[in-house]
Amino acid sequence: MNLSFFDQFMSPVILGIPLIAIAMLIPLLLFPDPSNKWINNRLITLQSWFLHNFTKQIFLPINLPGHKWALLLTSLMLLLMSLNLLGLLPYTFTPTTQLSLNMGLAVPLWLATVIIGLRNQPTIALGHLLPEGTPTPLIPVLIIIETISLFIRPLALGVRLTANLTAGHLLIQLIATAAFVLLSIMPTVAILTSIVLFLLTLLEIAVAMIQAYVFVLLLSLYLQENV
């Protein structure tokens, strides 16, 4: 029984072909294409308003050279948010519950910010490894600690997204199973459990959007340090 709870996190395979790539392409079909008309419909207007405000908020503290990342980070946030929300639908697969996918997104983008910092401002980038005013005996220890914390950043990005979504899906399945089992034994308790399940689902919808935003926000902060 315990193993069946984790079956939902297994990547579906048909004829030996993993379907995670198809699951990642589905969000592309959900967003409407921009129109050349002066007056757009409500959906395109809402989408443009959201993208404008998100991009403005993320890149406001970043210097002008870092604005080249606007398209990449905005697209990444929309992809993650769409995958997280679609994964809450019944009989669906959530690719972002796979640590390999999240690390595949986090490591290259984090490494790109580090390389940009070392190329454009190597002194400042290396200076982050040693805080100003550090006593001489503590210099080797602090350099080691800061280096470890630097390499932990992509791991924290991937694990945070995976852990939050996995925990939420497991909790929803546990409460849904309890409500189904209690329906014939204690209907009143089952109704209360269903109410808790509904509230938890609303919470998971918020978590799905927040985790996508936090992932991109942390990447923008790493970019801000190196631009």
Side-chain angles (χ1 to χ4, degrees), residues 24-25 27-28 30-31 34 44-88 94-132 145-168 203-227:
M24 293 184 64
L25 293 176
L28 298 177
L30 302 179
F31 293 97
I44 295 180
T45 303
L46 180 62
Q47 175 180 292
S48 301
W49 173 84
F50 172 75
L51 293 178
H52 172 73
N53 285 276
F54 169 78
T55 308
K56 180 180 178 181
Q57 183 176 1
I58 288 291
F59 289 91
L60 187 62
I62 300 179
N63 295 334
L64 191 60
H67 292 185
K68 299 176 183 177
W69 286 60
L71 179 60
L72 175 61
L73 294 185
T74 304
S75 302
L76 177 63
M77 198 275 299
L78 288 177
L79 175 65
L80 292 177
M81 186 178 295
S82 302
L83 293 176
N84 295 346
L85 292 176
L86 290 176
L88 294 175
T94 312
T96 45
T97 56
Q98 306 295 313
L99 183 61
S100 57
L101 172 65
N102 296 332
M103 292 301 295
L105 293 174
V107 172
L109 294 174
W110 164 82
L111 187 60
T113 61
V114 174
I115 292 175
I116 287 176
L118 292 175
R119 185 186 65 179
N120 295 338
Q121 43 186 14
T123 304
I124 299 177
L126 295 176
H128 291 156
L129 302 178
L130 185 62
E132 187 177 358
I145 293 175
E146 291 296 331
T147 303
I148 294 175
S149 66
L150 178 65
F151 283 96
I152 284 179
R153 285 180 174 183
L155 181 63
L157 278 177
V159 171
R160 180 187 295 106
L161 182 58
T162 304
N164 280 281
L165 296 180
T166 302
L203 177 62
E204 284 305 310
I205 292 175
V207 169
M209 294 186 290
I210 291 172
Q211 288 303 316
Y213 175 76
V214 168
F215 190 93
V216 176
L217 177 63
L218 291 176
L219 281 175
S220 68
L221 293 178
Y222 301 156
L223 179 64
Q224 182 181 354
E225 290 182 359
N226 294 283
V227 174

- Message: Could you measure the distance from the CG atom of Leu85 to the CD atom of Glu204? Nearest 0.5 Å is fine.
- Response: 11.0 Å
Enumerate, atom names and distances included, each donor-acceptor pair closer than 3.5 Å involving a side-chain atom of residues 56-68, sequence neighbours excluded.
from	atom 1	to	atom 2	distance (Å)
Gln57	NE2	Tyr213	OH	3.2
Asn63	ND2	Val227	O	3.3
His67	NE2	Phe59	O	3.2
His67	NE2	Ile62	O	3.1

- Evaluate side chain to side chain contact (heavy atoms under 4.5 Å, CB included) for Met209 paired with Asn84, printing each intermediate quantity in order. CA-CA 7 Å; Met209 294 186 290; Asn84 295 346; over 6 Å; no
- d(Leu157 CG, Leu105 CG) to nearest 0.5 Å is 10.0 Å
- Note on the structure: Scanning both residues in full, the closest heavy-atom pair of Ser75 with Leu71 reads OG-O, 2.7 Å
- Here the pair of heavy atoms bringing Leu80 nearest to Ala212 is CB-CB, 3.7 Å
- Query: Mind checking whether Trp49 and Ile44 have side chains closer than 4.5 Å, heavy atoms only?
  - Reply: no
- Report yes if the side chains of Leu165 and Leu161 come closer than 4.5 Å at any heavy-atom pair, otherwise no. yes
- Task: Please test Ile115 against Trp110 for side chain to side chain contact (heavy atoms under 4.5 Å, CB included), starting from the C-alpha separation and ending with a verdict.
- Result: CA-CA 9 Å; Ile115 292 175; Trp110 164 82; over 6 Å; no
- Query: Does some side-chain heavy atom of Val114 sit less than 4.5 Å from a side-chain heavy atom of Phe151?
  - Reply: no
- Message: Is the shortest side-chain heavy-atom distance between Val159 and Leu99 below 4.5 Å?
- Response: yes
- Task: Report the C-alpha distance between Phe54 and Leu51 in whole Å, list the side-chain angles of each, state the deciding distance to 0.1 Å, and finish with yes or no for side chain to side chain contact (heavy atoms under 4.5 Å, CB included).
- Result: CA-CA 5 Å; Phe54 169 78; Leu51 293 178; 5.6 Å; no
- Which atom names give the shortest non-hydrogen contact between Pro154 and Ala106, and what distance separates them? O-CB, 3.7 Å
Donor-acceptor pairs under 3.5 Å, side chain of residues 214-226 to any protein atom, not counting sequence neighbours: which ones?
from	atom 1	to	atom 2	distance (Å)
Ser220	OG	Leu217	O	2.5
Glu225	OE1	Arg153	NH1	3.1
Glu225	OE1	Arg153	NH2	3.3
Glu225	OE2	Arg153	NH2	3.4
Asn226	ND2	Tyr222	O	2.7

- Item | Validation row: Leu86, Thr94 side chains within 4.5 angstrom (heavy atoms) | no
- Query: How long is the span from the OG1 atom in Thr55 to the CG atom in Leu73, to the nearest 0.5 Å?
  - Reply: 9.0 Å
